[in-house]
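Only this structure's heavy atoms are used, side chains among them; waters, hydrogens and symmetry mates stay out.
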Amino acid sequence: MDFWQRYRAIDARDTRFDGQFFTAVSSTGIYCRPSCPARTPKAENVTFYETSAAAHEAGYRACKRCLPEAVPGTPAWNIRSDIAGRAMRLINDGVITREGVDGLANRLGYSARQLNRILSNELGAGPLSLARASRAQTARTLLVSTDMLLADVAFASGFNSVRQFNDTIGEVFAMTPTAVRATAAKSSTRKGSGAATPAPAALTLNLPYREPFDPGIFDFLAVRAVPGIERATTDSDGSRTYARTLRLPRGSASFSVAYSPSTPGKPLQLTATAVDLHDLPALLSRVRRLFDLDADPQAVDGALAADPRLTASVAALPGMRVPGAVEPQELLIRAMIGQQITVAAARTALSQLSAAGSAVDGAAPDLDRLFPTAAELAEHGRALLRGPQRRIDSIVAAAEAMASGELDFGYGDDPASLGRKLLPMPGVGPWTVGYVAMRVLGAPDVFLANDAAVRNGVRALPVGLGLSADFREVSPWRSYATMHLWRAAAMKTKPAGSERASSSSPREVRERPAQARGT
């Protein structure tokens with residue numbers, strides 16, 4: 001977007017751009033979200049920044065009226081596969097807090113000095129400033145949503161000391177942490193007297209997102225839920241819940257996400273249980289990625305609806321999301337387990353394989369196990385896996401490579417580097433790389449042309465005369481078109497998992513993704 005497109009967005013107070021850029025006003029010294037209700041500033045006083053960190057670096061403070069930190073993240077970090085986009089995915093996952101700038105630079109293949117220069121040029125702030133802004137956003141969320149002690153908020157947000165926390169909150173918001181917490185009293189539904197209490201066993205937070213939101217992503221996760229590790233429920237009023245255990249840098253945790261369409265505001269509510277406070281930023285980042293909460297659904301739906309094959313589907317199911325992954329290694333194993341079998345059969349196989357996972361304490365009674373690590377899969381996989389020996393060998397080989405560090409991939413990759421790492425592995429083909437790119441990287445422009453369910457979905461939609469077979473007309477949103485095709489195939493045929501998916505290559509992973517409402 002150029003300056004005047006952004007200026008028109010702030011003049012219209014368009015909420016869909018909240019979090020995608022920030023408006024700094026030289027006459028007031030503050031920066032705002034695009035939908036700020038304050039009077040539109042004069043154009044000559046406005047500077048637009050890609051990140052809130054860039055506005056901080058330029059000497060601006062956050063607006064107390066619109067709270068620009070309380071917005072969904074930008075979808076640009078998934079759209080962009082350059083160094084800036086890859087770096088932001090890792091920063092949001094807490095890499096700088098755990099490994100420092102040098103660790104982030106090493107993951108991206110640059111020196112710390114080069115990385116600082118690239119991010120400063122691209123985003124207006126260096127990696128430390130970007131991480132600082134991310135911590136401030138997490139801290140604000142905890143301050144207004146919980147009654148945690150301020151010291152616990154500081155360390156849960158990634159700060160190394162309470163003094164650093166106090167200084168940052170003061171610089172960013174021009175308020176003390178106590179004053180930031182007090183801002184929630186006017187509009188928050190937070191319970192309690194307002195007095196700070198020790199960190200509770202469970203933390204409950206609302207997750208901001210851009211509307212519309214299609215809850216079908218809960219159904220996608222439900223049909224793939226592995227008992228003991230995941231749980232998904234749907235109530236008669238349309239409320240949905242998804243819960244699971246997971247492994248984080250400092251230890252294990254469990255969480256649940258609940259969606260209630262009948263509640264005002266249709267909140268998505270995260271409840272985290274038995275989580276080390278230092279792991280909370282990573283947990284928030286991964287849950288947001290799992291539910292694709294930083295997406296811009298109006299932009300996506302606008303592009304997809306322009307294709308006559310998808311117009312009706314978008315109208316019926318606005319705000320469809322691409323499910324992410326909370327653990328990259330786990331997602332690869334899940335895809336490989338599903339080779340040439342139904343989703344239901346893959347779930348059965350994963351349930352058997354879950355016996356290799358470690359038991360977890362402190363979670364819900366029916367969430368008592370972690371998904372096996374690569375080392376556990378390498379050790380026990382052959383005894384637990386069933387099916388063709390070649391597939392078992394491929395899965396165990398992948399687990400061994402991940403356990404030894406020979407195969408190392410994650411949120412900091414781009415689709416090209418992911419392909420270079422995965423394609424040499426036996427049992428991995430282009431479908432696998434595309435599917436992992438969709439779910440791990442959040443890559444928005446993946447089209448799985450050889451997928452059986454995609455082909456079935458194409459046949460279920462209106463014929464697009466003169467249009468491309470790979471849906472290039474809706475680029476860069478073909479991952480979302482793929483989700484619509486999977487849904488169309490599931491609606492037309494039997495319930496999810498009732499048919500086998502064919503494969504055009506004996507080495508290609510062929511999990512049959514299918515999504516059905518109400519499952």
Side-chain angles (χ1 to χ4, degrees), residues 1-56 58 60-80 85 88 92 123-124 133 137 140-141 173 183 187 206-214 261 264-268 288 291-307 310-311 314-315 317-322 442 444 474-477 480:
M1 298 176 68
D2 62 24
F3 178 92
W4 290 109
Q5 287 174 320
R6 289 179 172 180
Y7 189 79
R8 286 194 292 272
I10 68 169
D11 191 40
R13 295 168 177 76
D14 195 332
T15 58
R16 62 177 174 162
F17 294 105
D18 286 353
Q20 301 200 45
F21 64 85
F22 298 86
T23 306
V25 185
S26 60
S27 58
T28 62
I30 66 171
Y31 71 92
C32 304
R33 62 168 80 183
S35 66
C36 182
R39 185 175 62 183
T40 304
K42 294 180 180 179
E44 58 265 28
N45 294 332
V46 169
T47 303
F48 294 114
Y49 291 99
E50 297 292 326
T51 64
S52 62
H56 300 163
Y60 295 92
R61 62 173 176 80
C63 174
K64 296 180 183 180
R65 186 172 182 181
C66 71
L67 300 175
E69 306 295 335
V71 295
T74 174
W77 313 138
N78 290 338
I79 298 171
R80 297 175 63 160
M88 285 303 301
N92 290 336
L123 304 179
Q137 184 174 13
R140 194 212 68 84
T141 300
F173 301 109
T183 63
S187 58
N206 283 338
L207 300 171
Y209 63 90
R210 298 180 182 88
E211 293 191 271
F213 177 81
D214 173 40
K266 300 180 181 179
L268 272 173
R288 294 194 65 81
F291 285 90
D292 196 16
L293 298 184
D294 293 335
D296 181 357
Q298 292 191 37
V300 174
D301 288 352
L304 299 187
D307 188 312
L310 296 170
T311 302
V314 172
L317 302 166
M320 192 174 290
R321 310 292 168 128
V322 174
V474 302
S475 183
W477 308 117
Y480 295 87

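- Formation of a donor-acceptor pair under 3.5 Å by the Asp301 side chain with backbone atoms of Gly319 is found in this model.
- Here the closest non-hydrogen pair linking Tyr31 and Ala62 is CE2-N, 3.3 Å.
- Side chains of Arg6 and Pro34 form no contact here, defined as non-hydrogen atoms less than 4.5 Å apart.
- Met320 places none of its side-chain heavy atoms less than 4.5 Å from the side chain of Asp292.
- Summarising the geometry of Arg288 relative to Asp294, their closest heavy-atom pair is NH2-OD1, 2.8 Å, with the distance given to 0.1 Å.
- Note: Phe48 CZ to Met1 CE = 8.0 Å, rounded to the nearest 0.5 Å.
- When every heavy atom of Pro212 is checked against every heavy atom of Arg321, the shortest pair comes out as O-NH2, 2.8 Å.
- Within the 4.5 Å cutoff, side-chain heavy atoms of Pro72 are placed close to those of Pro208.
- Listed here is the closest heavy atom pair of Pro318 and Asp214: O-CB, 3.4 Å.
- Taking OG1 of Thr23 as the start and CD1 of Ile30 as the end, the distance is 10.0 Å to the nearest 0.5 Å.
- Between atom NZ of residue Lys64 and atom SG of residue Cys66 there is a gap of 13.0 Å, rounded to the nearest 0.5 Å.
- The distance from atom CD of Glu50 to atom CE of Met88, rounded to the nearest 0.5 Å, is 10.5 Å.
- Within the 4.5 Å cutoff, the side chain of Val25 has no heavy atoms near those of the Tyr60 side chain.
- For Thr311, there are no side-chain contact (heavy atoms from CB on, under 4.5 Å) partners at least two apart in sequence or on another chain.
- The side-chain heavy atoms of Tyr49 and Thr47, taken from C-beta on, include a pair separated by under 4.5 Å.
- Residue Leu317 holds its CG atom at 11.0 Å from CG of Leu310, rounded to the nearest 0.5 Å.
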Q: Carefully, step by step, assess Thr40 and Arg13 under the rule side-chain contact (heavy atoms from CB on, under 4.5 Å).
A: CA-CA 9 Å; Thr40 304; Arg13 295 168 177 76; 3.7 Å; yes
(Q) Using the rule given for side-chain contact (heavy atoms from CB on, under 4.5 Å), can you reason through Tyr7 versus Val46, listing the C-alpha separation, both sets of side-chain angles and the distance that settles it, and then say yes or no? (A) CA-CA 8 Å; Tyr7 189 79; Val46 169; 4.3 Å; yes
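- No cation-pi contact links Arg140 to Phe173, judged by a cut-off of 6.0 Å to the six-membered ring centre and 45° from its axis.
- Using cut-offs of 30° and 60° on the angle between ring planes, the pair Trp477 and Tyr480 is perpendicular.
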Q: For Lys266 and Tyr209, run side-chain contact (heavy atoms from CB on, under 4.5 Å): C-alpha distance rounded to whole Å, both residues' side-chain angles, the deciding distance at 0.1 Å, then the answer.
A: CA-CA 10 Å; Lys266 300 180 181 179; Tyr209 63 90; 3.5 Å; yes
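- Closest of all the heavy-atom pairs between Phe3 and Ala43 is CZ-O, 3.6 Å.
- Inter-residue side-chain proximity for Arg210 and Pro75 is flagged as met; some heavy-atom pair is nearer than 4.5 Å.
- Closest of all the heavy-atom pairs between Leu123 and Ala54 is O-CB, 3.3 Å.
- Separating the NE2 atom in His56 from the OG1 atom in Thr51 is a distance of 8.5 Å, to the nearest 0.5 Å.
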